[in-house]
Enquirer: 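This structure is in structure tokens; I'll ask about it shortly.
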2 protein chains.
Amino acid sequence: MRNDTVASTPTTTRAARRAASQARILDAAREEFGRRGFEATTVRDIAHRAGVDPSLVLQHYGSKSALFTAAIQLPAGEPQEAADHLADVLNVRAAALPPEMRALVRSMLTVPEASEAVRRHLDERIGNLAAGIGGPDAELRAAIAVSSILGLTVARHFLQLRDVSSASDDDLVRVATQALTAALQPQRSD
Amino acid sequence: MRNDTVASTPTTTRAARRAASQARILDAAREEFGRRGFEATTVRDIAHRAGVDPSLVLQHYGSKSALFTAAIQLPAGEPQEAADHLADVLNVRAAALPPEMRALVRSMLTVPEASEAVRRHLDERIGNLAAGIGGPDAELRAAIAVSSILGLTVARHFLQLRDVSSASDDDLVRVATQALTAALQPQRSD
DNA sequence: GTCTATATACCGATAGAC
DNA sequence: GTCTATCGGTATATAGAC
């Protein structure tokens with residue numbers, strides 16, 4: 001970090017400012033895309049939130065679409081064991097949603113790229129979960145459980161349904177865990 | 001309706017053509033809004049699908065927003081008894097989605113008016129369901145069940161998750177009904 | 001009543017000054 | 001490296017011809 005000979009600019013190293021701007025733009029993009037979705041968000045909105053000039057946004061990321069792609073990248077989640085990751089996911093969903101996830105979900109119904117990203121993400125989760133529970137209809141039961149978590153996420157963080165939003169994190173996690181655990185049990189086929 | 005003196009146009013009654021155009025425009029609007037959402041849909045798209053001139057669309061409905069409002073109105077569902085309506089909803093969601101519901105859900109994450117409409121609709125369903133099941137956490141359990149159905153709807157008809165889309169209507173309804181029935185049961189509080 | 005032409009505005013993106 | 005100015009395109013919406 002202090003690899004340079006002489007600091008011509010006293011405090012901020014010349015290229016570090018650029019990197020800082022780039023990061024601020026990305027944060028601002030996640031926030032704006034997460035609030036109103038890809039289409040309603042303008043490059044000018046993002047620039048204003050980041051405190052930079054609109055042209056800088058495109059200078060750094062090339063296009064609005066490329067910036068969106070960068071903004072919705074999820075941190076590579078570990079493959080994870082099996083069914084106990086259900087509790088993790090549920091906890092994450094009950095509390096605040098990470099900015100990149102929020103941006104991704106906000107546009108999943110209207111932007112094909114976001115739709116694909118969510119599909120891939122959830123298909124993978126379903127596969128892992130199905131492998132962990134076994135029994136008849138394992139894939140379908142796992143898919144229903146994962147879809148239910150998606151529905152809860154939308155209900156709580158985007159639609160703000162009354163009884164989902166007003167519940168405490170603890171209550172929601174407790175009751176939802178019970179419900180999903182029950183839902184994951186194999187059923188008699190009579 | 002036949003208050004006028006003489007039919008100057010022989011076959012099509014003068015105002016009947018206008019009503020027919022209006023209905024065709026509304027159908028086309030539901031289709032287009034349901035496919036790509038409110039913002040990505042242009043008045044020109046709707047006019048093209050309806051086979052009319054773009055300016056006619058605004059002549060009839062005043063604005064794109066007013067047309068959207070008309071397009072997402074749900075047929076007033078009866079209050080309905082209680083828990084057995086769960087099966088109805090599930091069946092509807094497993095098969096095809098009505099055009100106005102599809103248009104509504106497609107934009108529920110990006111258009112405030114659609115978000116509010118879905119919230120009101122689901123809050124009402126939750127209230128009815130909660131009243132029918134009783135027990136501890138009735139509202140929360142009902143909210144989780146309704147949110148799960150929403151998640152399944154999104155997964156099947158919008159994201160097309162692998163294991164949800166590939167399942168037959170019968171399998172999906174059977175397993176989901178089992179899962180939701182289990183989820184709605186009161187749990188021991190130990 | 002339906003279509004042509006256009007007003008008005010805002011968007012994404014680019015070029016060039018500093 | 002950052003900002004100013006602007007281009008080109010497209011949208012909604014309106015006014016007027018037929």
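The structure presented is a predicted model; accordingly, all values stated were derived computationally and were not measured. Convention: sequence-line order gives letters A, B, ...; per-chain numbering from 1.
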Enquirer: Could you go through nucleotides 12-18 of chain C and list every protein N or O atom that sits under 3.5 Å from one of its N or O atoms, giving the distance for each pair?
Expert:
unit_1, atom_1, unit_2, atom_2, d
C:dG12, OP1, A:K64, NZ, 3.2
C:dG12, OP2, A:V43, N, 3.2
C:dG12, N7, A:R44, NH1, 3.2
C:dA13, OP2, A:K64, N, 2.9

Enquirer: Thinking salt bridges, do A:R35 and A:D45 make one under a 4.0 Å N-O criterion?
Expert: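 Looking at A:D45 together with A:R35, the answer is no, because their closest N to O distance does not fall below 4.0 Å.
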
Enquirer: Mark yes or no for whether B:R93, through its side chain, and B:T153, through its backbone, hold a donor-acceptor pair below 3.5 Å.
Expert: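 Answer holds: no.
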
Enquirer: Distance check needed: D:dA11 C1' versus B:D45 CG, whole Å only.
Expert: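 In whole Å, D:dA11 C1' and B:D45 CG are 11 Å from each other.
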
Enquirer: Output the rounded distance in Å from CG (B:D53) to C1' (D:dA13).
Expert: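 Rounded to the whole Å, the gap is 13 Å.
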
Enquirer: Does B:L140 offer a backbone N or O that forms a donor-acceptor pair with the side chain of A:D163 under 3.5 Å?
Expert: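 Not at all, since once roles are kept as given, no pair shorter than 3.5 Å links the two residues.
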
Enquirer: How many Å lie between CD1 on B:I46 and C1' on D:dA13, as a whole number?
Expert: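 Spelled out: CD1 on B:I46 to C1' on D:dA13 is 14 Å.
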
Enquirer: Salt bridge or not for A:R120 and A:E116, using N-O below 4.0 Å?
Expert: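 Salt bridge flag = yes for A:E116 with A:R120.
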
Enquirer: Can you tell me how far P of D:dC3 sits from NE2 of A:H48, to the nearest Å?
Expert: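 Rounded to whole Å, this separation is 13 Å.
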
Enquirer: Give, for atom CZ of B:R156 and atom OG of B:S165, the distance between the pair rounded to the nearest 0.5 Å.
Expert: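 Spacing of CZ (B:R156) from OG (B:S165) equals 6.5 Å.
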
Enquirer: Distance to the ring centre below 6.0 angstrom and angle to the axis at most 45 degrees; does that hold for A:K64 and A:F38?
Expert: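 A:K64 over A:F38 ring: yes.
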
Enquirer: Which residues in residues 20-37 of chain A have a heavy atom closer than 4.0 Å to any atom of DNA chain C?
Expert: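 Going residue by residue through residues 20-37 of chain A, none turns out to have a heavy atom under 4.0 Å of DNA chain C.
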
Enquirer: Does a side-chain N-to-carboxylate-O contact under 4.0 Å join B:R174 and B:D171?
Expert: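 Answer for the salt bridge query: yes.
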
Enquirer: Validate the cation-pi geometry between A:R102 and A:F158: distance from NZ or CZ to the six-membered ring centre under 6.0 Å, angle to the ring axis within 45°.
Expert: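 Yes, a cation-pi geometry.
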
Enquirer: How close or far is atom P of D:dT14 from atom OH of B:Y61, stated in whole angstroms?
Expert: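 Nearest whole value for this atom pair: 17 Å.
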
